[in-house]
Number of protein chains: 2
Amino acid sequence: MAEELNAPRASAEKGHPSQAASDEPIRARNVLKILTAAVEIFSRKGLDGARIVEIAKASGLPKGNVYYYFSSKEEIYNAAIDRLIHSWDDAFRHISADREPGEAIEAYIRAKLDHARENAAETRLFANEILQGAVHLSTEARDHMRTVTSEKARVIDIWAMAGKIEKVDARHLFILLWSATQFYAEFEALACDALHVSQLKVADYNLAAKTITETVLRGLLTRPS
Amino acid sequence: MAEELNAPRASAEKGHPSQAASDEPIRARNVLKILTAAVEIFSRKGLDGARIVEIAKASGLPKGNVYYYFSSKEEIYNAAIDRLIHSWDDAFRHISADREPGEAIEAYIRAKLDHARENAAETRLFANEILQGAVHLSTEARDHMRTVTSEKARVIDIWAMAGKIEKVDARHLFILLWSATQFYAEFEALACDALHVSQLKVADYNLAAKTITETVLRGLLTRPS
DNA sequence: AAAAAACTTGACCAGATTGTCAACTTCTTT
DNA sequence: AAAGAAGTTGACAATCTGGTCAAGTTTTTT
């Protein structure tokens with residue numbers, strides 16, 4: 001209902017995928033401005049806490065213009081959330097049965113940390129959404145994450161059965177890795193306090209990667225003793 | 001300014017610590033009701049996202065009554081936040097130089113996980129506050145946490161110098177332990193999906209403790225090889 | 001039991017917030 | 001260059017929200 005408003009929007013909603021940004025420069029640019037600002041604000045305040053004037057101001061557009069592209073705050077939020085899911089898979093791709101567990105897990109940790117650092121706002125937004133109970137995550141998105149997790153858990157099991165790593169609960173292991181790699185972006189204020197720095201730099205992320213990798217891998221890899 | 005309103009409140013604000021709940025049954029009971037409800041709501045929505053009518057409803061008191069005990073939403077929030085800090089130290093007490101690192105760290109992990117499970121709402125509230133930039137954490141609270149962290153980091157260093165554990169960056173190690181132990185309470189929805197359960201039970205927490213402990217300790221403890 | 005203090009409550013207010021819209025400007029098409 | 005589509009904008013309305021308060025009830029004190 002009320003989906004037919006803002007007619008021009010609909011025409012571009014599921015536009016021909018062959019024609020990208022240059023096809024609709026103004027719309028694409030402004031939608032991007034809005035979503036970028038929205039991710040930043042939503043990631044700190046959540047859906048209910050964010051004020052759309054704040055998003056409008058951060059995007060450099062007047063409020064009325066924001067409503068030209070999106071019909072409600074929820075719609076902006078959902079659009080922002082939808083973009084998060086795909087980033088889930090990327091790092092996970094490293095967990096593959098045909099690789100050696102040591103380098104695969106190290107690569108995974110690095111990829112996760114890099115992603116969190118380079119997409120801190122998105123990472124926080126995701127955290128915020130889960131904190132609130134994942135109410136706005138589509139069931140498809142959750143199903144997808146579940147499926148990928150199961151798939152990758154089997155890789156861990158295969159490595160364990162092959163004697164390449166110690167026996168470990170794969171799902172809890174993933175949680176251990178997720179939590180550690182996302183922490184620095186999500187709880188930057190706390191990490192800064194703990195590390196006695198005023199701002200996380202690349203060096204801090206490198207030492208984080210080293211600490212996580214060494215600690216976990218040393219505990220995981222079987223040794224030819 | 002405007003601090004003199006609600007006069008009776010002030011009289012009990014810093015009341016004689018010798019007389020506890022039974023001294024002011026009604027006030028103590030209602031303040032507790034409000035704070036309990038507030039922690040639950042704030043932990044999901046944050047300061048700006050929470051509606052005080054919602055807190056009022058959850059506490060079973062009419063809104064006007066809530067304002068009889070607290071003069072603003074911020075005051076409720078700060079009161080809720082203040083209670084979090086002390087729980088910080090409790091688990092940390094296990095990290096002590098005169099204990100064996102293996103059992104000390106295991107006890108620490110267990111204590112942290114237990115605390116997160118038993119105080120899920122508080123744990124989420126803390127996470128939410130840090131996510132938003134820790135703006136409402138008093139500087140004393142942050143200083144305290146920093147101090148305790150430094151103190152305990154030295155214990156790790158002592159263990160490492162004594163050759164009892166591998167060399168590791170103590171602060172990043174703590175972050176690894178914090179993130180893993182808090183994850184289950186903060187991101188329960190995600191953990192449930194990952195573990196293929198609809199609700200976390202004690203058994204899940206036990207397996208979490210086992211996985212974290214074994215993985216980290218196996219990677220940390222030096223072996224008499 | 002009377003008075004005072006503590007507590008309760010729903011109605012109310014002012015400002016904030018979401019969402020609308022008509023008039024306007026800019027871009028695209030022909 | 002004309003016409004139509006797309007985009008812009010500030011003003012506006014309806015609702016929501018934080019916070020107040022006066023009038024009432026209950027509890028405590030004397």
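Just so it is clear, the values below take in all heavy atoms, side chains as well, and ignore hydrogens, waters and symmetry mates.
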Worksheet entry | A/Glu74 side, atom CD; A/Ile81 side, atom CD1 - distance, nearest 0.5 Å | 12.0 Å
Worksheet item: Is there a side-chain polar atom (N or O) of B/Arg27 under 4.0 Å from OP1 or OP2 of C/dA6?
Response: no
Discussion item. Can you tell me which nucleotide in D/dT9, C/dC7, C/dT18 comes closest to the side chain of B/Tyr68?
Written reply: C/dC7
Item to complete: Could you verify whether a donor N or O on one side chain and an acceptor N or O on the other, from B/His94 and B/Arg99, lie under 3.5 Å apart?
Response: yes
Item to complete: Please determine if B/Arg117 and B/Asp114 form a salt bridge, counting it only when a charged side-chain N lies under 4.0 Å from a carboxylate O.
Response: yes
Worksheet item: Bend angle of the helix from C/dA1-D/dT30 to C/dT30-D/dA1 from five-pair axes at both ends, rounded to 10°?
Response: 20°
Worksheet item: Which whole-number value in Å describes the distance from B/Asp48 CG to D/dT17 P?
Response: 13 Å
Practice prompt. Measure from the side chain of A/Ile26, starting at C-beta and using heavy atoms only, and say which of D/dT27, C/dG19, C/dC27 lies closest.
Written response: C/dC27
Fill in: Among C/dC7, C/dT17, D/dG7, the nucleotide that comes nearest once only the side chain of B/Tyr69 is considered
C/dC7
Discussion item. Which nucleotide wins on minimum distance to the side chain of B/Asn30, given the candidates C/dT8, D/dT8, D/dG18?
Written reply: C/dT8
Discussion item. With a 6.0 Å cut-off on the ring centroids, do B/His172 and A/Tyr205 count as close?
Written reply: no
Practice prompt. Report the residues that fulfil side-chain hydrogen bond (donor to acceptor under 3.5 Å, both in side chains) with A/Asp157, sequence neighbours left out, ordered by chain and then residue number.
Written response: none
Item to complete: Compute the centroid of each ring, for B/Phe174 and then for B/Phe92, and state whether the two points are separated by less than 6.0 Å.
Response: yes
